[in-house]
Amino acid sequence: MGVKLKDIIEPKKIDFKDLEGRAVSIDAFNTLYQFLSTIRQRDGQPLCDENGNITSHLSGILYRNSSMVEKGIKPIYVFDGKAPELKSDTQTKRREIRDEAEKIYKEALKSGDTEKARKYAMRSSKLSPEIIESSKRLLTLMGIPYVEAKGEGEAQAAYLVEKGDAYAVASQDYDCLLFGAKRVVRNLAVNSNLGNLEYYELRHVLHELNITREELIEMGILIGTDFCDGLKGVGAKTALKLAKKDQLQEKLDELQKESSHDLNEVKDIFLNHNVNTDYKIKWNKPDKEGLVEFLCYEHGFSESRVVKASDKLKNLSSSQGSLDAWF
DNA sequence: GGTCACGT
DNA sequence: ACGTGACCC
């Protein structure tokens with residue numbers, strides 16, 4: 001979900017070429033949810049190996065990343081750490097929605113309503129420990145680094161950009177802008193060659209809206225975030241008007257009266273997020289034999305496809321393509 | 001979502 | 001060269 005800023009910020013259209021040779025920090029949970037919900041059979045059932053283990057996410061990770069690496073993009077995945085206490089309401093709500101969707105999905109599957117089954121299956125995706133562990137294992141075999149966040153992945157991904165370890169954050173959510181991500185890319189996927197690759201620069205967003213980052217955060221709080229409901233009736237456009245009229249604080253006070261959360265704490269989540277500063281990023285050559293072992297022998301993938309994907313990853317290592325290859 | 005085959 | 005759809009596991 002995340003904060004709804006779409007109505008007021010204008011994306012710049014960019015091309016894969018603009019990301020060539022650059023590292024991109026990717027919110028892993030965000031991506032995994034996307035893969036789990038969309039990579040399915042027509043009746044909504046996920047891809048599975050013969051033991052019943054879900055493999056949709058492995059398919060997504062393998063093919064998307066091998067294709068991105070082939071085009072010169074260097075992915076870094078960021079996994080969520082511990083969610084802030086304030087997120088628990090949102091998490092409970094999401095779990096309820098998922099459980100309900102799962103019930104409808106199972107019923108529709110039984111009654112043979114394929115279309116309905118698929119629709120609700122997509123909303124029922126859960127990230128199990130097995131899915132997270134197998135994703136990390138696959139990334140390692142592919143030679144793609146990942147970072148464990150202390151808190152929210154989006155915040156950690158933004159930190160990587162701040163430190164210069166990544167050029168931009170790739171995420172579908174706008175939250176990373178509130179977390180201070182200097183550059184954000186949306187819709188980063190293999191098919192985003194033409195048209196739908198969106199690029200946002202925090203500096204430009206703030207300049208165009210003529211607001212500060214703190215005001216953007218306050219607007220986000222009024223609109224509603226994962227950490228606290230917003231003020232009823234306030235969307236992005238209204239929030240922007242409030243900022244222009246210098247009425248954000250007034251409305252925040254109003255929201256504070258009815259909110260069970262401390263809004264200063266919410267603000268602090270965005271401004272002073274606990275991040276992991278002790279990470280190492282290194283791209284390695286893919287472990288082709290390991291990939292075949294893991295994906296083909298353990299999870300029933302086609303060997304020719306896996307080998308092909310593995311070969312696309314070959315240019316992936318820290319030294320290659322950069323100056324230190326000469327030293 | 002990514003890929004491939006098959007269509008125009 | 002692009003568009004559609006089946007299939008991937």
Side-chain angles (χ1 to χ4, degrees), chain A residues 1 15-16 19 24 26-75 77-78 98 101 105-106 109 112 114-115 117-128 130-139 141-144 146 153 170-173 185-198 286 288 290-316:
Chain A
M1 290 315 118
D15 188 86
F16 258 132
L19 298 174
V24 174
I26 303 173
D27 187 321
F29 279 24
N30 202 300
T31 307
L32 290 177
Y33 268 117
Q34 220 177 283
F35 287 149
L36 289 171
S37 65
T38 56
I39 305 180
R40 287 172 182 272
Q41 300 168 152
R42 259 193 308 283
D43 62 0
Q45 288 191 276
L47 302 186
C48 284
D49 65 21
E50 57 182 9
N51 298 317
N53 300 305
I54 293 176
T55 55
S56 294
H57 58 300
L58 301 178
S59 174
I61 292 171
L62 178 71
Y63 298 121
R64 175 180 289 181
N65 286 306
S66 60
S67 159
M68 288 201 314
V69 168
E70 190 185 30
K71 290 172 182 170
I73 299 174
K74 297 155 79 174
Y77 279 81
V78 179
R98 278 200 304 272
Y105 157 52
K106 293 266 163 70
L109 205 56
T114 305
E115 215 164 298
R118 186 177 167 80
K119 184 174 156 191
Y120 282 91
M122 288 183 70
R123 299 180 195 174
S124 72
S125 310
K126 282 193 280 285
L127 292 191
S128 66
E130 292 75 28
I131 284 175
I132 293 163
E133 280 320 302
S134 55
S135 298
K136 289 177 180 174
R137 172 137 184 241
L138 178 54
L139 288 170
L141 290 168
M142 294 174 77
I144 295 172
Y146 65 84
S171 173
Q172 290 309 99
D173 291 351
V185 177
R186 286 187 84 237
N187 304 331
L188 184 63
V190 172
N191 295 338
S192 46
N193 255 328
L194 257 158
N196 56 339
L197 195 57
E198 297 177 1
K288 193 193 271 195
L291 284 167
V292 169
E293 164 77 31
F294 179 54
L295 292 172
C296 305
Y297 302 162
E298 284 184 44
H299 293 297
F301 278 61
S302 138
E303 188 159 339
S304 63
R305 290 182 185 207
V306 170
V307 167
K308 190 168 178 186
S310 175
D311 287 342
K312 290 185 182 179
L313 293 163
K314 274 184 179 154
N315 320 351
L316 195 63

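In what follows, chains are A, B, ... by sequence order, proteins preceding strands, each numbered from 1.
- The environment of A:Lys119 atom NZ is sparse: at most 12 non-hydrogen atoms of other residues, nucleotides or ligands sit within 6.0 angstrom.
- Residues satisfying the ring pair (Phe, Tyr, Trp, His ring centres under 6.0 Å) test with A:Phe294, not counting sequence neighbours, are A:His299.
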The contact string for nucleotides 3-9 of chain C, one letter per nucleotide 5' to 3', using protein heavy atoms under 4.0 Å with B, S and - for base, sugar-phosphate only and none, comes out as ---SSBB
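- At the phosphate of B:dG1, neither OP1 nor OP2 sits under 4.0 Å from any side-chain N or O atom of A:Arg64.
- Between A:Lys314 and A:Asp311 there is a salt bridge, since a side-chain N of the basic residue sits under 4.0 Å from a carboxylate O of the acidic one.
- A side-chain N or O of A:Arg40 and one of A:Ser125 form a donor-acceptor pair less than 3.5 Å apart.
- Checking the phosphate oxygens (OP1, OP2) of B:dT3, no side-chain nitrogen or oxygen of A:Lys308 falls inside 4.0 Å.
- Applying the ring pair (Phe, Tyr, Trp, His ring centres under 6.0 Å) test to A:Tyr146 and every residue at least two apart in sequence or in another chain returns A:Phe79.
- The nearest whole Å value for the distance from the CD1 atom in A:Ile26 to the P atom in B:dG1 is 15 Å.
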